[in-house]
Each structure stands twice: as structure tokens, then as C-alpha cells.
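Below: the structure, in C-alpha cells.
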Amino acid sequence: MDQFMKRAVDLAVNNVREGGQPFGAVLVKNNQVVAEGVNELHQAYDVSGHAELLAIRRAQEELKTHDLSGFTMYASGEPCPMCLTAMYFAGIEDVYYAASVDKAVEAGLGKSKQVYDDLQKQKEERSLVMKHVPLEEGQEDPMKLWKEQ
Ligand SMILES: [Zn+2]
């Protein structure tokens, strides 16, 4: 196993020992660790406190950029849809993971699988109900405002 993946797994192991969930992540560029994260849901009331998201947040703050293209994510567990989406937005194109989503389900951590499954469905069939509310006549349109800038 590669040194970065080993580090991600070590972070996850330590996190479990400290009362957290088994997730660690390491963000690498040019063969160097730029940021790390562990799942911090046991420490803060913040559902976005996932290992990968925290590593992304730290790297972006440190480098003062949203663009992490060319970075590689090493995650002890297969990223959830939220973290995966953050990686898309950040321009990350390479992700290595150890434990699969199915492995997480076996460990009693089924949320990720549940969301991945839900996203496979048509919008109308998902468990999270989304309703389209168009702007009212005469209401200022922020999209239009943005486009005209
Ligand atoms: Zn996540």
C-alpha cells in the first residue's frame, strides 16, 4: 500500500480510537501531503465534517484557491456523494480509496450507500423531496443579474 493511503488509513484508525468514525483523508500534490482530515462528526454539529471535505477546505484556505486540479485524494473509505461532489467542484480528478461503500454498510455506516442509491433514481422518486418554485412575475432574477454582469 502506498504511503499516502497508509497515512489515510492510520488517520482513520486513530479517529476511531478517539471516538470518531473510521474515515481519514490525505490530499496530495506533487508527491507531498498538502492537507489531511478525519471525520469530525463526533466533535462538532456539522454534517459536512467529513475527512475529505475537511482536507479540501484546509488546502483551499492554505493556498487561497478553489482550484485543486492536479491534486490526488487518498481516502480510507470510498467518498460519499457530498465529498465526491466537492472534489468535482475543486477540480480533483484522482481519488484512491480503501474501504468501499459496501464495506461501510457492513460496519453499520449506511448513509453513503443510501444517498448513492437515491441519486440513481429520477428526481421525483428520491426520498428527499425537491419542489420547483419558479420566480414570480416582476421578481428580480439573480441568474439574469449574474449573466448580465
Ligand atoms: Zn463525505
Side-chain angles (χ1 to χ4, degrees), residues 1-135 142-143 145-147:
M1 182 177 276
D2 160 296
Q3 57 164 327
F4 300 123
M5 183 57 87
K6 189 179 179 315
R7 175 65 184 158
V9 173
D10 286 348
L11 285 168
V13 167
N14 289 339
N15 204 44
V16 173
R17 297 224 163 96
E18 288 168 12
Q21 293 186 16
F23 300 105
V26 176
L27 200 45
V28 173
K29 176 125 193 220
N30 298 329
N31 225 30
Q32 286 205 314
V33 175
V34 176
E36 295 180 341
V38 295
N39 187 296
E40 295 185 357
L41 264 67
H42 62 302
Q43 292 177 341
Y45 293 106
D46 176 6
V47 292
S48 73
H50 283 195
E52 304 93 312
L53 251 171
L54 293 172
I56 288 170
R57 199 174 286 158
R58 285 169 189 147
Q60 291 183 332
E61 277 169 8
E62 193 179 313
L63 304 169
K64 307 284 180 230
T65 180
H66 292 135
D67 180 16
L68 299 179
S69 51
F71 281 67
T72 303
M73 181 71 78
Y74 292 83
S76 68
E78 187 173 352
C80 76
M82 173 174 69
C83 293
L84 187 70
T85 303
M87 287 185 245
Y88 273 107
F89 285 157
I92 296 168
E93 292 176 326
D94 291 299
V95 185
Y96 295 87
Y97 64 91
S100 68
V101 161
D102 290 329
K103 193 88 178 171
V105 172
E106 284 172 30
L109 298 160
K111 200 72 184 175
S112 215
K113 169 104 171 100
Q114 194 186 322
V115 178
Y116 271 120
D117 288 348
D118 215 40
L119 287 172
Q120 300 281 328
K121 298 175 189 166
Q122 291 297 313
K123 212 187 287 181
E124 303 74 27
E125 293 162 10
R126 292 181 195 150
S127 63
L128 195 154
V129 180
M130 288 174 75
K131 291 181 179 159
H132 180 218
V133 182
L135 293 182
M143 288 294 175
L145 187 67
W146 168 262
K147 198 176 166 188

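Keep in mind the model is a prediction, meaning the values are calculated, not measured. Starting from 1, each residue takes its place in the sequence as its number. Both counts, for ligands and for their atoms, begin at 1 and track the order of listing.
In plain terms, the two heavy atoms of Val47 and Met82 that are nearest each other are O-CE, 3.3 Å.
Between Asn15 and His42, some side-chain heavy-atom pair lies under the 4.5 Å cut-off. By the 4.5 Å heavy-atom criterion applied to side chains, Tyr74 and Val9 are not counted as neighbours.
Using a 4.0 Å cut-off between charged side-chain N and carboxylate O, Glu40 and Arg58 make a salt bridge. At a threshold of 4.0 Å, the pair Lys121-Asp118 counts as salt-bridged, since one of the basic side-chain nitrogens sits closer than that to a carboxylate oxygen.
Taking a 6.0 Å sphere around OH of Tyr97, one finds it holds 12 or fewer heavy atoms contributed by other residues, nucleotides or ligands.
Note on the Zn ion (ligand 1): protein N/O/S atoms under 2.8 Å are His50 ND1, Cys80 SG, Cys83 SG.
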